[in-house]
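In the text below, chain A, chain B and the rest are named by the order of the sequence lines, each starting its count at 1.
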2 protein chains.
Amino acid sequence: MCQHRRMSNTKALPLLEPATSEEATPCCPPLTERPFTADEAESAARMFKALGDPVRLRLFSSVASHEGGEACVCDISDVGVSQPTVSHHLKKLKDAGLLTSERRGTWVYYRVEPSVLATMGRLLTIPPSSA
Amino acid sequence: MCQHRRMSNTKALPLLEPATSEEATPCCPPLTERPFTADEAESAARMFKALGDPVRLRLFSSVASHEGGEACVCDISDVGVSQPTVSHHLKKLKDAGLLTSERRGTWVYYRVEPSVLATMGRLLTIPPSSA
DNA sequence: TTTCTGGATCGATATTTATCTATGTTGACG
DNA sequence: CGTCAACATAGATAAATATCGATCCAGAAA
């Protein structure tokens, strides 16, 4: 939870809830399977671009590695930029479909969209006989 | 090889050569393992950013999926932008360490740096008990 | 209601970047 | 040699973006 002065009394972390997993857009085949179409590239590039900024990558990693699969903004904001900048980057990660957010009382919790790691991992899978 | 008017008579494709595999920088642990440090984020974000443009992603996919593991620029340049723009993007992919290039006679061949897919794939590995 | 706090939004700015045209460079060929 | 073709580089420009300070909004507590 959030290590701060005034503690919330709303249930801080209903961990591991159903998660409403929408089962993802498969989006694209592995990058190595065949040349991407323009549409596929547009779609996949949006995800890579979202992780293509150091601050966003740290925020994403903080959420992804946080106990319970979610993190309060106040727990991950120590990345060397101002609070509006953190907010701006979290919004971009949300818009790219990598994170979801939920407000609970005073705090806002972010979590990794369940399908994302699998979808992006699939893009980078290595073909069976890679030389 | 290159489907063009004037054919080269230098050996066009010494496929699957030793590849001088430098065995890669492991760079970073999975994104889900722990919050990335600033340095780790800087390093990993550089790779994601390189794939974060649709044109570059198509070029990368074209090389990665090309028979023999390498592709001549002339075979992958049909992505809707000018020739200098293609060249510019290929340079960025090289600078990011994702591609290598080699000139053979008239043509320049690009190939995927062998370690890259594994390194980036590792970043996106899903933790053992992901809920 | 008033006050405080966590976080989002607004508006401005400096930097990055994707793209182009024009030109340079390199190798093949006659 | 000169010419042609494949790429790369240079320079310019318009658009995207990372960042900030100021402000706004929502929930909690006094």
Side-chain angles (χ1 to χ4, degrees), chain A residues 1-12 38 41-42 45-46 48-60 62-63 70-96 99-110, chain B residues 1-12 38 41-42 45-46 48-59 63 70-96 99-110:
Chain A
M1 16 35 243
C2 201
Q3 55 274 42
H4 272 60
R5 296 134 257 172
R6 206 200 307 188
M7 245 350 246
S8 166
N9 54 5
T10 61
K11 63 188 198 323
E42 198 81 39
R46 212 171 302 132
F48 283 119
K49 180 188 250 178
L51 297 184
D53 177 273
V55 172
R56 278 198 295 274
L57 196 58
R58 289 185 75 184
L59 290 171
F60 184 86
S62 287
V63 173
E70 67 178 7
C72 169
V73 175
C74 60
D75 283 329
I76 61 175
S77 295
D78 193 20
V79 286
V81 294
S82 70
Q83 177 267 318
T85 300
V86 168
S87 196
H88 167 253
H89 283 304
L90 287 172
K91 180 177 171 52
K92 290 210 131 189
L93 287 166
K94 258 184 75 173
D95 290 346
L99 295 181
T100 59
S101 72
E102 181 191 355
R103 172 167 211 136
R104 285 204 296 278
T106 302
W107 295 293
V108 176
Y109 295 88
Y110 281 79
Chain B
M1 46 266 54
C2 203
Q3 55 273 46
H4 271 60
R5 295 134 260 174
R6 205 198 314 188
M7 244 351 247
S8 166
N9 54 5
T10 60
K11 62 185 200 322
E42 199 80 40
R46 211 171 302 134
F48 283 118
K49 179 188 252 177
L51 296 184
D53 176 272
V55 174
R56 277 198 297 273
L57 196 58
R58 290 186 75 184
L59 291 171
V63 173
E70 68 178 6
C72 167
V73 176
C74 59
D75 282 331
I76 60 175
S77 296
D78 193 20
V79 287
V81 294
S82 70
Q83 175 267 316
T85 300
V86 169
S87 197
H88 167 253
H89 283 305
L90 288 172
K91 181 177 168 53
K92 289 208 132 187
L93 287 166
K94 258 184 74 173
D95 290 346
L99 295 181
T100 59
S101 73
E102 180 193 355
R103 173 169 209 135
R104 284 203 296 277
T106 303
W107 296 294
V108 176
Y109 294 88
Y110 281 80

Let me know the distance between [atom1] of [X] and [atom2] of [N], rounded to the nearest Å.
{"X": "His88(A)", "N": "dA14(C)", "atom1": "NE2", "atom2": "P", "result": "18 Å"}
{"X": "Leu90(A)", "N": "dA18(D)", "atom1": "CG", "atom2": "P", "result": "13 Å"}
{"X": "Arg104(A)", "N": "dA26(D)", "atom1": "CZ", "atom2": "C1'", "result": "16 Å"}
{"X": "Asp53(A)", "N": "dA16(D)", "atom1": "CG", "atom2": "C1'", "result": "13 Å"}
{"X": "Glu102(B)", "N": "dG27(C)", "atom1": "CD", "atom2": "C1'", "result": "15 Å"}
{"X": "Asp78(B)", "N": "dA6(D)", "atom1": "CG", "atom2": "C1'", "result": "16 Å"}
{"X": "Leu93(B)", "N": "dC7(D)", "atom1": "CG", "atom2": "C1'", "result": "16 Å"}
{"X": "Leu57(B)", "N": "dA18(C)", "atom1": "CG", "atom2": "P", "result": "13 Å"}

Is the phosphate of [N] approached by [X] (side-chain N or O, under 4.0 Å from OP1 or OP2)?
{"X": "Lys92(A)", "N": "dA18(D)", "result": "yes"}
{"X": "Tyr110(A)", "N": "dG6(C)", "result": "no"}
{"X": "Thr106(A)", "N": "dT5(C)", "result": "no"}
{"X": "Arg56(B)", "N": "dA18(C)", "result": "yes"}

Sugar-phosphate, base or nothing in reach of His89(B), heavy atoms under 4.0 Å: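 Contact class for His89(B): sugar-phosphate only.
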Touch class at under 4.0 angstrom, heavy-atom based, for Lys94(B) against every strand present: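 Nothing: the residue Lys94(B), judged by heavy atoms under 4.0 Å, touches no strand.
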Counting heavy atoms from C-beta on, name the nucleotide in [options] closest to the side chain of [X].
{"X": "Pro84(B)", "options": "dT19(C), dC20(D), dT21(C)", "value": "dT21(C)"}
{"X": "Val108(A)", "options": "dT19(D), dG6(C), dA8(C)", "value": "dA8(C)"}
{"X": "Arg103(A)", "options": "dC7(D), dG27(D), dT19(C)", "value": "dG27(D)"}
{"X": "Ser87(B)", "options": "dA6(D), dT9(D), dT19(D)", "value": "dT9(D)"}
{"X": "Lys91(A)", "options": "dG27(C), dA8(D), dT9(C)", "value": "dT9(C)"}
{"X": "Trp107(A)", "options": "dA16(D), dC7(D), dG7(C)", "value": "dG7(C)"}

Short side-chain to backbone donor-acceptor contact, Ser62(A) and Arg58(A), under 3.5 Å: yes
Any donor-acceptor N/O pair under 3.5 Å between dA6(D) base and Gln83(B) side chain: no
Enter the distance from [X]:[atom1] to [Y]:[atom2] here, rounded to the nearest 0.5 Å.
{"X": "Arg56(B)", "Y": "Leu51(B)", "atom1": "CZ", "atom2": "CG", "result": "8.5 Å"}
{"X": "Arg46(A)", "Y": "Asp95(A)", "atom1": "CZ", "atom2": "CG", "result": "10.5 Å"}
{"X": "Asp75(B)", "Y": "Tyr110(B)", "atom1": "CG", "atom2": "OH", "result": "13.5 Å"}
{"X": "Ser101(B)", "Y": "Glu70(B)", "atom1": "OG", "atom2": "CD", "result": "11.0 Å"}

Beyond-backbone contact of Val108(A) with Leu90(A), side-chain heavy atoms, under 4.5 angstrom: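 SC-SC contact between Val108(A) and Leu90(A) ruled out.
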Whichever of Thr85(A) and Lys49(A) has its nearest DNA chain D nucleotide further upstream toward 5':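 Comparing both residues, the 5'-ward one is Lys49(A).
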